[in-house]
Amino acid sequence: MEQIKLAVSGARAAYNQGKTRPLEFRIRQLKALERMLTEKKEEFLLALKKDLHKNPFAVEIYEMSGILSEISVAINKLPEWTAPEHVPKSMMTLMDTVYIHREPLGVVLIIGAWNYPLALVIQPLVGAIAAGNAAVLKPSEVSGNTAQLLGELLPQYLDKDLYPVIIGGPTVATELLNNPFDYILYTGGTNIGRIVMEAAAKHLTPVTLELGGKSPCYIDSNCDLDVACRRIAWGRFTNCGQTCIAPDYILCDKSIQDEVVQKIHATITEFYGNDPQKSPDYGRIVNQRHFKRLMSLLEGVNVAFGGQSDEEDLYIAPTIVTNVDPNSRIMQEEIFGPLLPIVTAGSADEAIGFINKRDKPLALYVFSHNKKLIKRMIAETSSGGVTANDCMIHYSVDTLPFGGVGASGTGAYHGKFSFETFSHRRACVLKSLGLEKINSIRYAPATDSKQKWTRWLLKKRRGGGKMRLLMLALLGALVAIMMKFYFM
Amino acid sequence: MERSGSGMQIVDLIVNEKIKKNLEIWRGWSRRSEQTGDRSQIYVGWYIMEQIKLVVSGARAAYDQGKTRPLEFRIRQLKALERMLTEKKEEFLLALKKDLHKNEFSVEIFEIAGILKEIIVAMDKLPEWAAPEHVPKNMMTFMDTVYIHREPLGVVLIIGAWNYPLALVIQPLVGAIAAGNAAVLKPSEVSGNTAQLLGKLLPQYLDKDLYPVINGGVEETTEILKQQFDHIFFTGSTNIGRIVMEAAAKHLTPVTLELGGKSPCYIDSDCDLDVACRRIAWGRYSNCGQTCIAPDYILCDKSIQDEVVKKICTNIIEFYGNDPQKSPDYGRIVNQRHFKRLMSLLEGVNVVYGGQSDEEELYIAPTIVTDVDPDSRIMQEEIFGPLLPIVTADSADEAIGFINKRDKPLALYVFSHNKKLIKRMIAETSSGGVTANDCMIHYTVDTLPFGGVGASGIGAYHGKFGFETFSHRRACVLKSLGFEKMNGVRYAPATDSKQKRTLWLMSKRGRCTTM
């Protein structure tokens, strides 16, 4: 525990030296991070294979490319993001310099999750570094090999003091949370999210919580079921279902349920062959605890396909469950595994009602040819994000903020949003010491005329923009006329 | 509902005014019956809880009906709010005079003007703010519709403070309404007259169910905080801020906390002391010093300390005359508790001007204190009163070091002709906001986010930032069900060529934007 205090205070001392302020320093660190991922790629592939049975293809798409893209965007945009942002001025500040100054928060804490052990720690780290902070990292101990590797490699590439890695389980995390940080970004389950926020509250530390929930997937009868089912199968069974934005359950009309099962079944065979346990592309459950949890969700439900398992191999087959009772256990918690329940809903109305009765999910998926229906589902529900006619794509666009709402989380990151998350936007007005006469109207003693003048100065006129344009136009016309007379 | 055992009747009630009236009846009853030892206190507590739950669930039911979604509805509410402030201005002036001895002039500048401006900006800009924000696409999504959809959070809670009892409740409310939320308001009971007036008037102008006002003290606030909200906006002290955030954490409710701290005011020797001192005096003594962004203490070189004192004295007399107690422009301390607190801060310090007080009138004269020891009590807590300590610092370096050793303040003030020095102070310290060569001005610019950092707060508002605070930014990607062949590269079984093509598709946006 002494070690934790030392690491945190070391990070703070290093931060206080001002090392992270120059943009060149931050860019150097980001480049070093990039080098680490390319030079040590084999080591990471090995660790991820041990932790989650991920193959190189999956690691490339789901972990590496996101991080590398994030690094490259940050390096490119950093001068733009950190420049003072001059804003429109009010009547009273017309003569002044008015801008938003972005500055680092200080020492931030990033707690990672085990399902994408690299991306969910490193992508936030990119934002924290870009914004000029020191960052203490706590990768998930559940994906232990990757955690160990990060603990070993990060100090070799990045500044040792500014970005320490702390390895350990719940006791270590609790101890860590007793220290004051200037920001905490946590990715993980809703219950632990609550604990993290309670700990943060003691120090008034702002938080971003990337949590989870049951992301609904509505399949309209008016849609290309072949394509829809393939995309849904991809979303559900990638990483053996252990993805926070995986489609958690399907809502569709009873009349298409069988067809949906059939097509997803066909897709599973297309992806993983007749025995997914033998496919090099199919993942494994991360540990025994989650294996047992998932198997228990299958009790008392109607398994239409799959359901085979091998505890020693931590293997659970891609499984589809139909005619699911909304009150069954499988519909009470986030599944986070390769089980796909289908709940029948008589109409879009019913589906919307069903979704709105539950916690706001991290993602909402709608499959339909009908654009109006899609817009309606978005308008009448809430969720962290939405992808229509596919799964998870909104995660991959760095110009979109990625985060939850309600029980699925607070705050967002990716791209510029990461930078903003780890920055303070400081409002700055630089006045001169002259023109004091104008100020005199605000000083006591109050008089009627002072009051009138102050009201006028503080007033915001309706359609101010248009007035300004009109005045500019008039001014322009006046100048044009004067010039005409002058040159005639 | 009947409580037959104790012979009382609880009247079913729906909103604010009635709650207060009934609670008073209940409290009176329970005080009288304490001697008889019956369990009415428990009934009162239960009663408060039930009524609060009713009010909050009423707001949620109204929100769920979808009333707040159309922009026209929100604009109508904002117009009604504007009408309330203009039509009932006299009533508000009276209430604010009773609560804080504010005169019409200061209510106009410091409360009403800001709110009216906020309303006008919101009404003007709402279509722009609420519209889908289309963002640059990457290679993989360039055929798709990609945008950020802003939507309301649901039912929010706004807890006001007592020093600007109108502005600190209504300005956040403007943002909450504009963003399409329902909002439960809890004005500060310390500025009781204004709180009562809000409780009476808001339901007359705004939708009764969507924007209920709950009045009461600590007990009521604690009960309110047990309910589930979609955002909590709190203005007040750091200690209570912590309690609010802890309560919010239980429901994973995001918070905006507008707290306080000791806002330092550095006066460089190279500056126009006349002007600087006048502006600082204005900042410090407005509202009798009870302003979260007032300059809390001065840092300056010992050599100019006397001159600073002299000039501020001159300004005090200029503003309030020789006996500020008689000036109609000088405020009063809000209550006995704060009066006593402030007087105790003066123990053991060197008062060079002012210091007079009148407990019955809650009057404390504009006061200056010099050669202050950084460890004295007056330098340990936010003053929030008309006392201005001067701490000497030999250099900008020393001042910066002094500031950085303490919690990040809500505001930083620097007075200097030297632009480089100003930039340096901004670069080497942190604070919610900064005004150089004046006080508090950054609060008035609606295009600037107003909020704290560290112990001085979380989040920000004013103008568009208010709208954003009370909105959820929902990332949306709308694809078509066509072009499935392109997606083929991402599906198992993995092959080398698939891997290559997928990486190309997901590659940096940088290349795409030149297309």
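Within every chain, numbering begins at 1; the chains are lettered A, B, ... in the order of the sequence lines, protein sequences first and strands thereafter. These numbers were taken from a predicted model, which means no experiment stands behind them.
- For chain B, the nearby part of A:Thr93 is the side chain; its heavy atoms alone come within less than 4.5 Å.
- Minimum interatomic distance between A:Phe417 and B:Ile148 (heavy atoms only, all atoms of both residues): CZ-CD1, 4.0 Å.
- Of the two parts of A:Asp224, the backbone and the side chain both hold a non-hydrogen atom closer than 4.5 Å to a non-hydrogen atom of chain B.
- Within the 4.5 angstrom heavy-atom criterion, only side-chain atoms of A:Arg21, from C-beta onward, approach chain B.
- Contact of B:Asp496 with chain A is not made at all, since no heavy-atom distance falls under 4.5 Å.
- The choice from A:Met197, A:Lys450, A:Glu198, A:Arg442 that makes the most heavy-atom pairs within less than 4.5 Å of chain B is A:Arg442.
- At least one side-chain heavy atom of B:Leu116 sits under 4.5 Å from a side-chain heavy atom of B:Ile112.
- Using a 4.5 Å cut-off between heavy atoms, A:Ala233 does not touch chain B at all.
- Using a 4.5 Å cut-off between heavy atoms, A:Phe402 makes no contact with chain B at all.
- Most heavy-atom pairs under 4.5 Å with chain A: of the set B:Ser327, B:Ala455, B:Ser480, this distinction falls to B:Ser480.
- With hydrogens and angles disregarded, a donor-acceptor distance shorter than 3.5 Å links the side chain of A:Ser65 to the backbone of A:Glu60.
- Residue B:Tyr330 comes nearest to B:Pro324 through the heavy atom pair CB-O, 3.6 Å, listed as atom of the first residue, atom of the second, then distance.
- In this structure, chain A has heavy atoms under 4.5 Å from both the backbone and the side chain of B:Glu484.
- When heavy atoms are compared at a cutoff of 4.5 Å, B:Asp230 approaches chain A solely by way of its side chain, counted from C-beta outward.
- For chain A, no part of B:Ser456 is nearby; none of its heavy atoms comes within less than 4.5 Å.
- Only the backbone of B:Ser416 comes within contact range of chain A, with heavy atoms under 4.5 Å apart.
- Between the side chain of B:Ser471 and the backbone N or O of B:Arg150, no donor-acceptor pair lies under 3.5 Å.
- Interface remark: of the candidates A:His424, A:Arg425, A:Glu70, A:Glu103, A:His424 forms the most heavy-atom pairs closer than 4.5 Å to chain B.
- Side chain of A:Lys371 to main chain of B:Leu478: no donor-acceptor pair is present (N/O by atom type, distance under 3.5 Å, no hydrogens or angles).
- Of the listed residues (B:Pro449, B:Ser430, B:Gly454, B:Gly433), the one with the most heavy-atom contacts under 4.5 Å to chain A is B:Ser430.
- If you measure heavy-atom distances from A:Glu270 to chain B, the contacts under 4.5 Å come from the backbone alone.
- Distance alone, capped at 3.5 Å, is enough to place a donor-acceptor pair between the B:Arg474 side chain and the A:Ile378 backbone.
- Nearest heavy-atom pair across A:Ser396 and B:Met140 is OG-CE, 3.2 Å.
- Looking at A:Lys375, the atoms closer than 4.5 Å to chain B (heavy atoms on both sides) all sit in the side chain, from C-beta outward.
- For the atom pair CG of B:Asn103 and CD1 of B:Ile109, the computed distance is 8.5 Å after rounding to the nearest 0.5 Å.
- Nearest heavy-atom pair, B:Met440 versus B:Gly283, reported as atom, atom and distance to 0.1 Å: CE-CA, 3.9 Å.
- Of the two parts of B:Leu252, the backbone and the side chain both hold a non-hydrogen atom closer than 4.5 Å to a non-hydrogen atom of chain A.
- Interface residue B:Leu153: backbone and side-chain heavy atoms are both found under 4.5 Å from chain A.
- The contact between A:Glu436 and chain B is made by backbone and side chain atoms together, counting heavy-atom distances below 4.5 Å.
- Using a 4.5 Å cut-off between heavy atoms, B:Glu133 makes no contact with chain A at all.
- Considering every non-hydrogen atom in both B:Thr435 and B:Ile441, the closest pair reads OG1-N, 3.4 Å.
- Of all the listed residues (B:Ser431, B:Ala460, B:Gly451, B:Gly241), the one sharing the greatest number of non-hydrogen pairs under 4.5 Å with chain A is B:Ser431.
- Heavy atoms of B:Thr141 lying under 4.5 Å from chain A belong exclusively to its side chain.
- For the pair B:Asp272 and B:His417, the minimum side-chain heavy-atom distance is below 4.5 Å.
- Proximity to chain B (any heavy atom under 4.5 Å) is shown, for A:Asn389, by both the backbone and the side chain.
- Closest approach of B:Ser286 and B:Tyr320 over heavy atoms only: N-OH, 4.1 Å.
- Neither the backbone nor the side chain of B:Ala411 comes within less than 4.5 Å of any heavy atom of chain A.
- The candidate with the highest count of non-hydrogen atom pairs below 4.5 Å against chain A, out of B:Tyr285, B:Tyr443, B:Tyr147, is B:Tyr147.
- No donor-acceptor pair closer than 3.5 Å links the side chain of A:Lys77 to the backbone N or O of A:Lys416.
- Contacts between B:Leu481 and chain A at a heavy-atom distance below 4.5 Å involve backbone atoms as well as side-chain atoms.
- In terms of heavy-atom pairs under 4.5 angstrom with chain A, the leader among B:Gly432, B:Pro254, B:Ser106, B:Pro152 is B:Gly432.
- Interface remark: B:Thr253 contributes backbone atoms only to the contact with chain A (heavy atom separation under 4.5 Å).
- Contacts between B:His149 and chain A at a heavy-atom distance below 4.5 Å involve the side chain alone, from C-beta outward.
- For B:Ile243, no part lies under 4.5 angstrom from a heavy atom of chain A.
- Put simply, the side chain of A:Asp220 never gets that close to the backbone of A:Asn370: no donor and acceptor are under 3.5 Å apart.
- With a 4.5 Å cut-off on non-hydrogen atoms, A:Leu209 touches chain B through its side chain but not through its backbone.
- Between the side chain of A:Thr399 and the backbone N or O of B:Pro136 there is at least one donor-acceptor pair closer than 3.5 Å.
- Rounding to the nearest 0.5 Å gives a distance of 13.5 Å between NZ of B:Lys102 and CG of B:Asp329.
- The choice from A:Lys360, A:Glu380, A:Arg231, A:His203 that makes the most heavy-atom pairs within less than 4.5 Å of chain B is A:Arg231.
- Highest contact tally toward chain A, considering only B:Ile458, B:Asp64, B:Thr238, is held by B:Ile458 [criterion: heavy-atom pairs under 4.5 Å].
- A salt bridge is absent between B:Asp438 and B:Arg278: the closest approach of a Lys/Arg side-chain nitrogen to an acidic carboxylate oxygen does not fall below 4.0 angstrom.
- Interface summary for chain B: among A:Ser432, A:Gly434, A:Ala407, the most heavy-atom pairs under 4.5 angstrom belong to A:Ser432.
- For the pair A:Lys89 (side chain) and A:Asp96 (backbone), a donor-acceptor distance under 3.5 Å is present.
- Looking at A:Thr208 and A:Tyr183, their side chains do bring a donor and an acceptor atom within 3.5 Å of each other.
- Of the two parts of A:Asn16, neither the backbone nor the side chain holds a non-hydrogen atom closer than 4.5 Å to a non-hydrogen atom of chain B.
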